[in-house]
Amino acid sequence: MNDLLAIMVAIALGFGAGWSWQGSRADARVADLTTQHEKASREAAEDAGLKLKASEDLVDSIDKAAAIRTATLERKLQETQHALKTATRNRPCLGGPALRVLDRAPGIRLGTAEAALAS
């Protein structure tokens, strides 16, 4: 009977030790997976931040180019309006000098929109 009790105690201790050892292995795997997930999340956040910064820089450069282009077109419009008033002497008829001014205006030219914007 004592032998049976000793065997049962040994089995119980072995089972407990195995259970504990398996649990620590599982905890280590969970900790490793958590670390990997945190690293991947951090890298994804850094990548997203870099892409956001690049997008913001692109928007800024487009805004700057658009502002420059708008100012240029407004200046050309004012020059054309002034030249037209000068050529017509504020009269409604369009003579040769007025037509030549209009021929040079970028918005009047026939052709593609890109050609008009390029001038």
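The figures that follow rest on heavy atoms only: side chains count, while hydrogens, waters and symmetry mates do not.
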Q: Would you indicate whether the side-chain heavy atoms of Leu33 and Gln36 approach each other to under 4.5 Å?
A: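 Gln36 vs Leu33: side chains touch.
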
Q. Can Lys53 and Asp57 be said to form a side-chain contact (heavy atoms from CB on, under 4.5 Å), step by step?
A. CA-CA 6 Å; Lys53 176 70 172 124; Asp57 291 345; 2.9 Å; yes

Q) So does Lys64 pair up with Asp60, basic N to acidic O under 4.0 Å? A)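 Between Asp60 and Lys64 there is no salt bridge, as every charged N stays at least 4.0 Å from the carboxylate O atoms.
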
(Q) Looking at Arg42 and Glu38, is there a salt bridge between them, counting it only when a charged N and a carboxylate O are closer than 4.0 Å? (A)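 Salt bridge absent between Glu38 and Arg42.
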
First locate atom [atom1] of [X], then atom [atom2] of [Y], and finally report the distance between them rounded to the nearest 0.5 Å.
| X | Y | atom1 | atom2 | value |
| --- | --- | --- | --- | --- |
| Gln81 | Thr86 | CD | OG1 | 11.5 Å |
| Thr70 | Asp63 | OG1 | CG | 10.0 Å |
| Leu77 | Glu74 | CG | CD | 8.0 Å |

Q) Which atoms form the tightest heavy-atom contact between Leu58 and Ser61, and what is the distance? A)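 Of all heavy-atom pairs spanning Leu58 and Ser61, the closest is O-OG, 2.8 Å.
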
